[in-house]
Amino acid sequence: MLSSTSRRRTSHISHRRTATVALAGVAALIAAAVQSGAASAAPAKPQAGKVNPAHVAVKLTPSQRAELIRHADAQKAATARSIGLGAKEKLVVHDVVKDADGTVHTRYERTYAGLPVLGGDLIVDTARSGATKSVIKATNASLKVADLTPAVSKASVEKQAVQRAKALGGSKSAADSVRRVIWAGSGKPVLAYETVVGGLQDDGTPNQLHVVTDAATGKKLFEYQGIKTGIGNTQYSGQVTLTTTQSGSNYTLNDGARGNHKTYNLNRGTSGTGTLFSQTNDTWGNGTTSNAATAGADAHYGAAVTWDFYKNVFGRSGIKNNGVGAYSRVHYGNAYVNAFWDDSCFCMTYGDGSGNADPLTSLDVAGHEMSHGVTANTAGLNYSGESGGLNEATSDIMGTGVEFYANNSSDVGDYLIGEKIDINGDGTPLRYMDKPSKDGASKDSWYSGIGSIDVHYSSGPANHFFYLLSEGSGTKVINGVTYNSPTADGLPVTGIGRDKALQIWYRALTTKWTSTTNYAGARTGTLAAAGELYGTTSAEYKAVQDAWAGVAVGARSGGGGGGGTSYENTSPVSIPDNGPAVTSNITVSGRSGNAPSNLSVSVDITHTWRGDLVIDLVGPSGTSYRLKNFSSSDSADNVSETYTVNASSESANGTWKLKVQDQAAQDVGTINSWKLTFP
């Protein structure tokens, strides 16, 4: 029998040596969780600027995590009853997080009459005593479906989905799978089909197009791509230490210290696992593409650093937090200019770039792709609409965290994505976190139609939020790079540091967000996370408010910002279904002159399909200023946003109106409150 031992060796791949990174609408529930969590913490009041240790997730061993999951599974029927689920509903345990104060956050999927419920995931927070503290649901709609017999045939929805995949560049003539589901991702839950079409996309990326179709009408309800793609820099990471495995006289790229993460050579193939990198010596690559092991060494190193980042920064043991490694595949396709994460194989895959000259195997790529896996195994953010933008931003944010964590002199930490690849041909990065619009496509701030654009570009507001929360607004130089971050409301934001920003984002991802979380829900979740970690009166909590306001999501701390004056109406106004416009008034008095060119309008509306809503601000003169247009594709819940209006032609004093009209059937809503802030 041959023995197998893990060894650490130096890989020569450069000339320098381096030292060896919830939906809006559940706000009340989350607030309750914050309050009850604080009450049970050992220190009644967290120390300013310090994490409240009671709300830090404990580092679970794989066996401890498995035991918590087994316990949750054994209690799932009782849990379903205790939180008021119906007789046809059952819970499926997906993940668990335990805090130091004994609070357990258990993430569940749901079934209804034996059918999986898409958009039915939820999180149950349980106190040490076993009492339920709060429930965060991806949808608050009652799960009741009268007829479970489809009126539309399976063959017809498959044909429709295959046609859609072909329109997007797909290559297959049949679906990989078609199954009956309950679709609860938007509005009223309905019986539906989920069809998955594989093959390849037009650029060579594998295809996993998920199409959800109403089983009664044949109407497409939702679609998303199961393959998560992303591009990072392709510069090598210097001379680094790798963990490999020796078996007899051969060494392999098998990291026994990190869950047996393996790195394979696809050798230009586009399917299968490829061949595990193996050789008779433990020096991998030569720093150029002339040696196939160079890309393998980069990918292996990136996976190791990403594992260490998650373990040492968040206490997470691998992508699934179960101590098991994923695997990497390099040399995918021919001149493939991308990299992607695939949940189905639990693996990262890297192309060799244009002309096969620049393999996409760098630190921020590894961090980005592995973080898609972390997202899939925590919040499960749908890879479409606003949740898709948050999914992509999470990978950019964590990939940036990995890059800073590595402290590698060949690739110093920065807030630029793909800065080394020169994909634009002029030396500019692929994405900018301080001002996303500099790439020509990403958005700096939220707006009502942002869910309809590509997820790599709708990630802009979240990336921008993270930069503002970490570093603040304005001009500054970090690690030799000059940044100049603006804000949507023209007011400054003071950063709290990248380390704290990462902790807040990660806690929201793992304990607050669900598959359908949108930007408003991301704000709610990060505020809940900041409140638990630092307290709701802390500078960190206020910074989260201000950073989101800086990207037009929600209001500033203190109801405005920068010493401004706010006027608010908190009286609820019902919004009739597909009916006439309703208004809510605010009277402003005691001001001189005209309103400002950056009047801030903060809106909090509950509505189960916000695309139906048209929202206007009406000035004292009767002039209307459009805040939000109708959008048939904007299926997310609620409007919790801050808009900036040039109202300089209006007198400041007088009656201002928020006018809201629902222009489509089947949903009702409420204006909960709205606010005018004069900076």
Side-chain angles (χ1 to χ4, degrees), residues 432 434-438 440 442-450 460-461 464-465 467-468 472-476 483-494 519-520 523 542-543 545-569 581 583-605 613-629 639-660 671 673-679:
Y432 303 77
D434 65 320
K435 189 178 181 183
S437 62
K438 288 168 68 175
S442 294
K443 307 303 178 184
D444 291 337
S445 302
W446 184 91
Y447 64 97
S448 61
I450 199 167
H464 191 190
F465 160 81
Y467 176 86
L468 288 171
S473 57
T475 303
K476 50 183 60 67
Y483 303 94
N484 188 6
S485 193
T487 58
D489 55 9
L491 300 174
V493 172
T494 300
Y519 269 104
R523 178 183 184 271
K542 293 176 181 178
Q545 291 178 298
D546 292 344
W548 278 122
V551 298
V553 181
R556 287 262 172 171
S557 59
T565 302
S566 294
Y567 304 82
E568 186 171 15
N569 186 334
T583 59
S584 176
N585 298 347
I586 290 176
T587 300
V588 175
S589 61
R591 303 191 69 88
S592 60
N594 284 2
S597 60
N598 61 339
L599 180 65
S600 177
V601 187
S602 300
V603 178
D604 181 6
I605 294 174
L613 300 181
V614 174
I615 306 175
D616 293 291
L617 174 70
V618 182
S621 71
T623 300
S624 291
Y625 303 86
R626 178 58 48 89
L627 303 181
K628 177 190 174 302
N629 288 313
V639 180
S640 179
E641 312 302 336
T642 297
Y643 305 91
T644 301
V645 175
N646 183 351
S648 56
S649 63
E650 297 282 343
S651 170
N653 291 333
T655 299
W656 298 78
K657 299 179 181 179
L658 185 73
K659 184 171 72 172
V660 181
I671 302 174
S673 65
W674 71 288
K675 181 187 304 182
L676 289 175
T677 300
F678 292 74

Given E641, which of I615, V553, V603, I605 fulfils the side chain to side chain contact (heavy atoms under 4.5 Å, CB included) condition? V553
pair L658-T583: side-chain heavy atoms closer than 4.5 Å: no
Value rounded to 0.5 Å, distance of OG1 in T475 from CG in D434: 9.5 Å
NZ of K628: more than 12 outside heavy atoms within 6.0 angstrom? yes
Rounded to the nearest 0.5 Å, the OG atom of S651 sits from the CZ atom of R591 at a distance of 10.5 Å
For the atom pair CH2 (W548) and OH (Y519), what is the distance rounded to the nearest 0.5 Å? 6.5 Å
Could you tell me if S445 and H464 have a donor-acceptor pair between their side chains, going purely by distance under 3.5 Å? no
Scanning both residues in full, the closest heavy-atom pair of A488 with A549 reads CB-O, 4.1 Å
Can you find a pair of side-chain heavy atoms, one from W656 and one from P620, that are under 4.5 Å apart? yes
Would you give the length of the straight line joining atom CG of L468 to atom CG of D444, rounded to the nearest 0.5 angstrom? 9.5 Å
Give a yes or no on this: more than 12 heavy atoms of other residues, nucleotides or ligands lie within 6.0 Å of atom NZ of K659. no
Taking S473 for the side chain and V493 for the main chain, is one N or O donor matched with an acceptor at less than 3.5 Å? yes
Taking all non-hydrogen atoms of both residues into account, name the closest pair between P461 and W446 and its distance. CG-N, 3.8 Å
How many angstroms lie between CG in D616 and OG1 in T623, if you round to the nearest 0.5 Å? 11.5 Å
Which distance, rounded to the nearest 0.5 Å, do you find between the CG of N569 and the NZ of K675? 12.0 Å
Please find out if less than 6.0 Å separates the ring center of Y567 from that of F678. yes
State, without any angle test, whether T655 and N585 hold a side-chain donor-acceptor pair at a distance under 3.5 Å. no
Between S640 and G554 (side chain of the first, backbone of the second, donor and acceptor by atom type, cut-off under 3.5 Å), is there such a pair? no
Any side-chain heavy-atom pair from L617 and L599 closer than 4.5 angstrom? yes
Hey, does the side chain of N594 reach the backbone of S648 with a donor-acceptor pair shorter than 3.5 angstrom? yes
Just checking, is any N or O donor in the side chain of D489 or S600 under 3.5 Å from an acceptor N or O on the other one? no
Scanning both residues in full, the closest heavy-atom pair of E650 with S621 reads OE2-OG, 2.6 Å
Distance-only polar pair, side chains of S557 and D546, donor-acceptor under 3.5 Å: yes
Looking just at side-chain N and O atoms, do S589 and N653 make a donor-acceptor pair shorter than 3.5 Å? no
